[in-house]
Amino acid sequence: MSVMLGKSFFNRSAVKVAHDLIGCVLVRRVRGRTRRFLITEVEAYEGPKDLASHASRGKTKRNEIMFGPAGYIYVYFVYGMHWMLNIVTGKKDYPAAVLIRDIEGYSGPARLTKALSITGELNCKLLGKKIGLWIESGMSISSKNILRTPRIGVAYAGPVWSKKLYRFLLKEK
DNA sequence: ACGATGATGAAC
DNA sequence: TTCATCATCGTA
C-alpha cells in the first residue's frame, strides 16, 4: 500500500526525513509514462549553521527555496553540467533539505537526475502529480539496515560539519 | 588523477 | 567585473 508523502512527512528535521526516505519510492511521470525507483541513498542539509549547506551564508536567489515550506523541490546546477535534486524539509524560514543521491539501478545524484529528466524547470515546484514528480511510502526499513556516514564532497565544511553522519544509505544484502 | 563546463557568490 | 569554487562524472 503506497501512499504519497506530503507536507507532514517533510515538515520535520532534515536528518529524520533523510533517514525515513530510505526505502521510499521516487516516482517520475513524463510523457504519459510512470516509473518508480527505490530510494537508496540520501543526505541531510540541516539548518542555517550547517557549513556544508548552501543556506549557511544566508538567503540568496539560488537557495531561497530552502527557506520555504516543506515538500518543495530544490534543483540546482553544479560543475557546469549536473543537476542535483533536493526536497525542502522543516518549517518555513528554517533552511533545510534532503539531497536524493541514489536510486536503485543508478549511481550518483547527477546520473539520477539525468535518467529521470530532472532539470532546473522543477526548481521551486511542489512535489506532486501535477509536475510528475512525487515520493511514495515504500517498504519499512529497519534502522539496522540503514548505514550512516559523513556526507560526500563537503570537505570545505570544516572539521565539525564535514564529519556529521548525515548521509544515509540502504545496506547491501 | 584530472578535465569538462557554467552558475554562483564574494572580492575587488 | 573578475575569480575561485563547486552537494559530480567519465576517462585515464
Side-chain angles (χ1 to χ4, degrees), chain A residues 5 9-24 26 28 35 37-90 93-127 131 133-135 146-172:
Chain A
L5 302 178
F9 179 89
F10 295 104
N11 194 20
R12 299 179 291 148
S13 83
V15 172
K16 279 186 183 151
V17 171
H19 172 277
D20 292 350
L21 275 176
I22 296 297
C24 290
L26 184 64
R28 182 67 169 133
R35 293 183 293 163
F37 306 89
L38 188 68
I39 296 172
T40 56
E41 179 181 344
V42 297
E43 283 176 1
Y45 288 82
E46 185 76 278
K49 299 274 172 70
D50 182 353
L51 293 180
S53 170
H54 290 168
S56 67
R57 287 178 225 187
K59 192 189 285 187
T60 68
K61 177 142 195 166
R62 176 174 71 161
N63 69 22
E64 67 182 346
I65 190 61
M66 289 185 75
F67 293 75
Y72 281 80
I73 296 168
Y74 173 37
V75 180
Y76 68 90
F77 192 61
V78 266
Y79 297 117
M81 57 187 89
H82 300 309
W83 294 102
M84 301 284 116
L85 171 65
N86 299 257
I87 313 302
V88 175
T89 66
D93 295 326
Y94 177 81
V98 173
L99 170 68
I100 311 295
R101 279 193 63 88
D102 208 3
I103 51 181
E104 200 175 35
Y106 296 86
S107 188
R111 300 187 65 196
L112 174 165
T113 53
K114 184 169 187 190
L116 273 61
S117 305
I118 290 165
T119 70
E121 286 183 21
L122 292 175
N123 191 37
C124 300
K125 298 282 203 310
L126 185 60
L127 277 176
I131 60 159
L133 184 67
W134 68 94
I135 297 175
I146 297 176
L147 207 57
R148 284 189 75 160
T149 80
R151 292 169 290 184
I152 302 296
V154 298
Y156 61 84
V160 174
W161 289 94
S162 68
K163 288 178 185 139
K164 296 271 188 192
L165 301 178
Y166 283 180
R167 175 176 175 241
F168 298 84
L169 57 164
L170 191 59
K171 260 186 211 169
E172 303 286 340

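Throughout, protein chains are lettered first and strands after them, A, B, ... in sequence-line order, and every chain is numbered starting at 1.
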Within this structure, what is the [atom1]-[atom2] distance for the pair [X] and [Y], rounded to the nearest 0.5 Å?
X      : Y      : atom1 : atom2 : answer
A:L116 : A:I118 : CG    : CD1   : 4.5 Å
A:S162 : A:I152 : OG    : CD1   : 11.5 Å
A:T89  : A:F9   : OG1   : CZ    : 10.0 Å
A:R101 : A:L99  : CZ    : CG    : 6.0 Å

Could you check whether A:E64 and A:Y74, counting side-chain N and O atoms only, form a donor-acceptor pair closer than 3.5 Å? no
Phosphate OP1/OP2 of C:dA7 contacted by A:Y156 side-chain N/O (<4.0 Å): yes
Does C:dA7 have its OP1 or OP2 closer than 4.0 Å to a side-chain nitrogen or oxygen of A:R167?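 For A:R167, the contact criterion (side-chain N or O under 4.0 Å from OP1 or OP2 of C:dA7) is not met.
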Taking any atom closer than 4.0 angstrom to a non-hydrogen atom of chain A, what span of DNA chain B does the protein reach, first nucleotide to last?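 Here the contact window of chain A covers B:dA4 to B:dA10.
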Looking at C:dA7, does its base get a donor-acceptor pair with the side chain of A:H82 below 3.5 Å?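 A donor-acceptor contact between them is absent.
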side-chain contact (heavy atoms from CB on, under 4.5 Å) between A:H54 and A:N86, intermediate numbers included: CA-CA 12 Å; A:H54 290 168; A:N86 299 257; over 6 Å; no
As a check on the pairing definition, encode DNA chain C in dot-bracket form, counting Watson-Crick and G-U wobble pairs whose two distances are under 3.5 Å, and using | for partners outside this strand. ||||||.||||.
Can you identify which nucleotide, out of C:dG10, C:dA7, C:dT8, has its nearest atom closest to the A:I152 side chain? C:dT8
State, to 0.1 Å, how close A:C24 and A:I135 come at their nearest heavy-atom pair, and which atoms those are. CB-CG2, 4.0 Å
Quick one: do A:E41 and A:T149 satisfy side-chain contact (heavy atoms from CB on, under 4.5 Å)? Show the steps, please. CA-CA 11 Å; A:E41 179 181 344; A:T149 80; over 6 Å; no
